[in-house]
Amino acid sequence: MRYWLFKSEPSTWSWDDQVAKGDAGEEWDGVRNYQARNFMREMKIGDQGFFYHSQSEKAIVGTVEVIAEAHPDSKTDDARWECVDIKALNPVKTPVTLDQIKADERLSDMVLVNNSRLSVQPVTETEWRIICDLAGLPG
DNA sequence: GCCAACGTTGGC
DNA sequence: GCCAACGTTGGC
């Protein structure tokens, strides 16, 4: 199993929106970037990810699980763009902020730190465990 | 609200 | 196939 990070502007699609979809989950649509799309193509059902709020909040606020592998993005006719479906798994006890992540040298190689614009990113197992710990999650 | 960074587009 | 122009993202 692999780990990922999904970034969203809370004003567009927030953690609460994701939670409201329950176990049915929702397409992670709207990705128009090849790198991000390619990562989604690598995802398998059961992979887990962090849900990150960009913009005003800049913090990891929950975890999600991949429930459908890459398929065409229903929001566009452009066959290039695909997406996976994800469902909310656990809310964090404590949001893990970008500042915290930047301040932790164990996390200095995270894509979030080094390529902040990439909206879908891989997370290593080590990073996953560290952040789960910071977030108060069993991980 | 600004601006830097970056990715995509389109003209050549 | 290159590269300038442009648009978007996201941190500050």
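Throughout, a chain's letter reflects where its sequence line sits, starting with A, and its residues are numbered from 1. We use all heavy atoms of the structure for the numbers below, so side chains are in, but hydrogens, waters and symmetry mates are not.
- A donor and an acceptor atom, one from each side chain of Gln55(A) and Ser11(A), are nowhere located under 3.5 Å apart.
- Per the geometry, CD belonging to Gln55(A) stands 15 Å off P belonging to dC2(B), to the nearest Å.
- In this entry the distance linking CG of Asn114(A) with P of dC6(B) reads 10 Å, nearest Å.
- Remark: Lys58(A) is not in phosphate contact with dT9(C), judged by side-chain N or O atoms under 4.0 Å from OP1 or OP2.
- Here the C1' atom of nucleotide dG10(C) and the CG atom of Leu98(A) are 10 Å apart, to the nearest Å.
- Distances shorter than 4.0 Å separate some side-chain N or O of Gln35(A) from OP1 or OP2 on dG7(B).
- Note that the two end axes of the helix from dG1(B)-dC12(C) to dC12(B)-dG1(C) enclose an angle of 10°, each drawn from 5 base pairs, rounded to 10 degrees.
- A sub-4.0 Å separation between OP1 or OP2 of dG11(C) and a side-chain N or O of Tyr52(A) is present.
- Between dT9(B) and Arg80(A), a contact under 4.0 Å exists linking OP1 or OP2 to a side-chain N or O.
- Remark: Ile131(A) CD1 to Asp104(A) CG distance equals 8.5 Å, nearest 0.5 Å.
- The six-membered or imidazole ring of Trp81(A) lies near that of Tyr34(A), with a centre-to-centre distance under 6.0 Å.
- With rounding to whole Å, Arg117(A) atom CZ is found 7 Å from dG7(B) atom P.
- Side chain Arg32(A) to base dT8(B): no donor-acceptor pair is found below 3.5 Å.
- A parallel orientation is assigned to the rings of Trp128(A) and Phe50(A), their planes being inclined by less than 30° (bins at 30° and 60°).
- Straight-line distance from the CD atom of Glu9(A) to the P atom of dT9(C): 7 Å, rounded to whole Å.
- With rounding to whole Å, Leu118(A) atom CG is found 14 Å from dT8(C) atom C1'.
- In this structure, NZ on Lys21(A) lies 11.0 Å from CG on Asp85(A), to the nearest 0.5 angstrom.
- Between His71(A) and Val84(A), the shortest heavy-atom contact is NE2-C, 4.2 Å.
- Straight-line distance from the CG atom of Leu112(A) to the C1' atom of dG10(C): 11 Å, rounded to whole Å.
- The structure places NE2 of His53(A) at 14.5 Å from OG1 of Thr97(A), a figure rounded to the nearest 0.5 Å.
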